[in-house]
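As structure tokens, the structure follows; a few thoughts come after it.
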There are 2 protein chains.
Amino acid sequence: MSYISKLDGKEKGPIPISQEYFKSAFSVDNVIFGFDGTDLRVLLIKRAFKPFLGYWALTGDLVYPHEDLDEAVQRVLTELTGLKDVFMEQVKAFGEVDRHPEGRVITIAYYSLIDIRRYTPNPDAAFATSFKWHKVREVKELAFDHMKILEACFESLKQKVRSQPIGFELLPDKFTLSQLRQLYEAILEQPLDKRNFRKKILSMNLLVDLNEMQQGVAHRPAKLYRFDYKKYKELISKGFNFDL
Amino acid sequence: MSYISKLDGKEKGPIPISQEYFKSAFSVDNVIFGFDGTDLRVLLIKRAFKPFLGYWALTGDLVYPHEDLDEAVQRVLTELTGLKDVFMEQVKAFGEVDRHPEGRVITIAYYSLIDIRRYTPNPDAAFATSFKWHKVREVKELAFDHMKILEACFESLKQKVRSQPIGFELLPDKFTLSQLRQLYEAILEQPLDKRNFRKKILSMNLLVDLNEMQQGVAHRPAKLYRFDYKKYKELISKGFNFDL
DNA sequence: GCAAAAGTGTTCTCGGTACACCCATGC
DNA sequence: GCATGGGTGTACCGAGAACACTTTTGC
């Protein structure tokens with residue numbers, strides 16, 4: 001319990017906080033998920049520097065001294081994609097002593113959900129040689145312990161998407177029920193019955209029928225819906241639980 | 001994305017990691033839960049030092065430079081209670097810039113579950129003037145942002161206890177079904193039907209009937225059970241899901 | 001007209017919930 | 001013998017799962 005005595009040690013005499021405690025740093029890493037209509041994808045950067053030069057890695061950065069954790073994640077994301085006010089969720093801290101070859105760096109892992117069509121890569125980003133949306137299940141090797149982080153975030157997303165209406169963050173504002181179902185199938189990695197899925201999601205009364213149709217598809221066009229966030233907030237305040 | 005360029009900046013010339021990044025530290029805080037047979041309780045310490053002198057606080061410490069996060073939590077817990085191999089679960093990082101008045105300290109919050117009867121306070125612990133098991137719902141004001149941490153951990157426990165058999169960590173090895181039900185009622189903060197609870201928990205076939213009886217109670221004595229961890233591991237490998 | 005995906009109802013099963021009385025013990 | 005909590009069974013209801021055919025469009 002030396003934390004307390006060292007940080008607050010005035011009563012016990014001048015015991016300065018050991019310098020050693022500050023040869024360490026903390027970072028955030030963010031798993032950026034997108035959905036291409038068929039597969040769940042993750043945005044990775046190819047590292048332009050050592051260590052792990054040429055490896056694919058998650059986006060992340062050290063946390064600035066006067067910056068909250070969420071702010072740091074948002075900053076990195078905006079720098080990379082230009083997007084603001086993106087959905088993000090903190091998942092877990094990774095703090096193994098040797099996880100970073102150059103020093104003690106504890107990282108706080110987040111994931112973000114973005115509409116893949118809104119993403120435009122930032123040509124000024126100099127820290128990587130390239131970006132790419134990888135299919136989540138095809139990612140094999142990543143820099144640092146990023147593979148572990150990716151797995152933890154994917155698992156967390158799988159859980160969360162059943163009990164919170166966060167999947168919509170991955171879709172355009174207007175979407176069809178088939179797109180929504182395919183999204184859930186991709187995240188949950190299991191097929192879902194078309195009729196049962198429609199029945200269940202519509203019975204929540206959280207989708208607004210926009211009276212618009214899909215255009216230019218070589219089959220019967222589908223109705224377009226949007227998710228009613230306002231109504232969702234009303235319902236949860238009355239004890240409603242989203243559940244799929 | 002200066003993290004990468006600064007930490008790995010050799011290609012870009014000698015850009016040392018700014019000293020500022022290391023005027024910060026990380027700690028762990030641990031919400032220690034126990035169950036007294038009726039109420040869920042949390043072990044708090046009364047601070048013997050500034051800041052927040054005299055305030056109740058969670059147990060915690062700075063993380064040593066060559067220590068993993070889980071190790072730090074275990075170390076603090078063992079120092080305080082003498083217990084080893086205690087169940088613990090990481091919940092969330094708290095990193096607001098001003099959460100600690102003396103510097104930038106990011107803390108990783110954990111909770112632990114212990115059998116309250118096995119707890120014996122460590123008389124050598126000098127960092128606090130006293131310890132006490134507080135009823136979770138009666139805790140009002142804590143040092144730092146510990147109230148927020150307690151709430152997040154309690155919420156996390158509530159969720160987790162339904163889908164993982166972790167409640168047993170709070171009970172003695174041998175317990176009655178009523179004790180188990182009262183534990184769930186305390187954590188979930190709702191009454192549970194006696195018959196339905198028994199039916200459901202017994203139908204999982206995870207409790208071993210020890211053919212022993214409660215002793216010395218002024219009513220019909222109850223059967224004693226223990227939880228079969230070995231069988232649980234077998235079942236989950238076959239796709240079983242604990243659910244209460 | 002053919003390929004491709006949209007849209008639509010019913011049946012069955014199983015798990016959740018509600019509910020009341022007798023039993024064994026200590027004092 | 002009385003107070004206290006232990007232990008037991010059934011009936012009802014609603015949600016989830018399984019399942020096949022017609023419709024609308026582009027080419």
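Here is how names work: the chains are called A, B, and so on, in the same order as the sequence lines, proteins then strands, and each is numbered from 1.
The six-membered or imidazole ring of B/Phe144 lies near that of B/Phe52, with a centre-to-centre distance under 6.0 Å.
Regarding B/Leu202, its CG atom lies at a distance of 11 Å from the C1' atom of D/dG7, rounded to whole Å. Protein atom CD1 of B/Ile201 is 16 Å distant from nucleotide atom C1' of D/dG7, rounded to whole Å. Regarding B/Gln215, its CD atom lies at a distance of 15 Å from the C1' atom of D/dG6, rounded to whole Å. Rounded to an integer number of Å, the gap from B/Lys200 NZ to D/dG9 C1' is 18 Å. Atom CZ in B/Phe175 sits roughly 14 Å away from atom P in D/dG6 (whole-Å rounding). With rounding to whole Å, B/Gln214 atom CD is found 9 Å from D/dG6 atom C1'.
Here the closest heavy-atom approach between residue B/Ile236 and residue B/Phe240 is recorded as CG2-O, 3.5 Å. The shortest heavy-atom contact between A/Val28 and A/Thr107 is C-OG1, 3.6 Å. Across A/Ile149 and A/Arg99, no two heavy atoms sit closer than the pair CD1-NH2, 4.2 Å.
Cation-pi geometry between A/Lys200 and A/Phe197 is not met: the NZ or CZ atom fails to fall both under 6.0 Å from the ring centre and inside 45° of the normal. Judged by the 6.0 Å and 45° rule, B/Lys231 forms no cation-pi pair with B/Tyr229.
Taking the six-membered ring for Trp and thresholds of 30 and 60 degrees, B/Phe227 and B/Phe242 have ring planes more than 60 degrees apart, a perpendicular arrangement. Relative orientation of the A/Phe154 and A/Phe33 rings is tilted, given thresholds of 30° and 60° on the angle between their planes. Classified by interplanar angle (parallel below 30°, tilted 30° to 60°, perpendicular above 60°), the ring pair A/Tyr119/A/Trp133 is perpendicular.
Of the side-chain N and O atoms in B/Ser178, none sit less than 4.0 angstrom from OP1 or OP2 of D/dG5.
For A/Glu96 and A/Lys148, the salt-bridge test passes: some basic side-chain N is under 4.0 Å from an acidic carboxylate O.
In this structure, B/Thr176 reaches neither bases nor backbone, as no heavy-atom distance under 4.0 Å exists between it and the strands shown.
If you check residues 180-199 of chain A against DNA chain C, the residues with a heavy atom closer than 4.0 Å are A/Lys194, A/Arg195, A/Arg198, A/Lys199, listed by number. The stretch residues 235-244 of chain A has no heavy atom under 4.0 Å from DNA chain C, so no residue of it qualifies as close.
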Full working for salt bridge (charged side-chain N to carboxylate O under 4.0 Å, His left out) between B/Glu212 and B/Lys223: CA-CA 6 Å; B/Glu212 291 179 58; B/Lys223 281 185 168 186; over 6 Å; no

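The span of DNA chain C lying next to chain B, judged by atoms under 4.0 Å from heavy atoms, is bounded 5' to 3' by C/dG16 to C/dG26.
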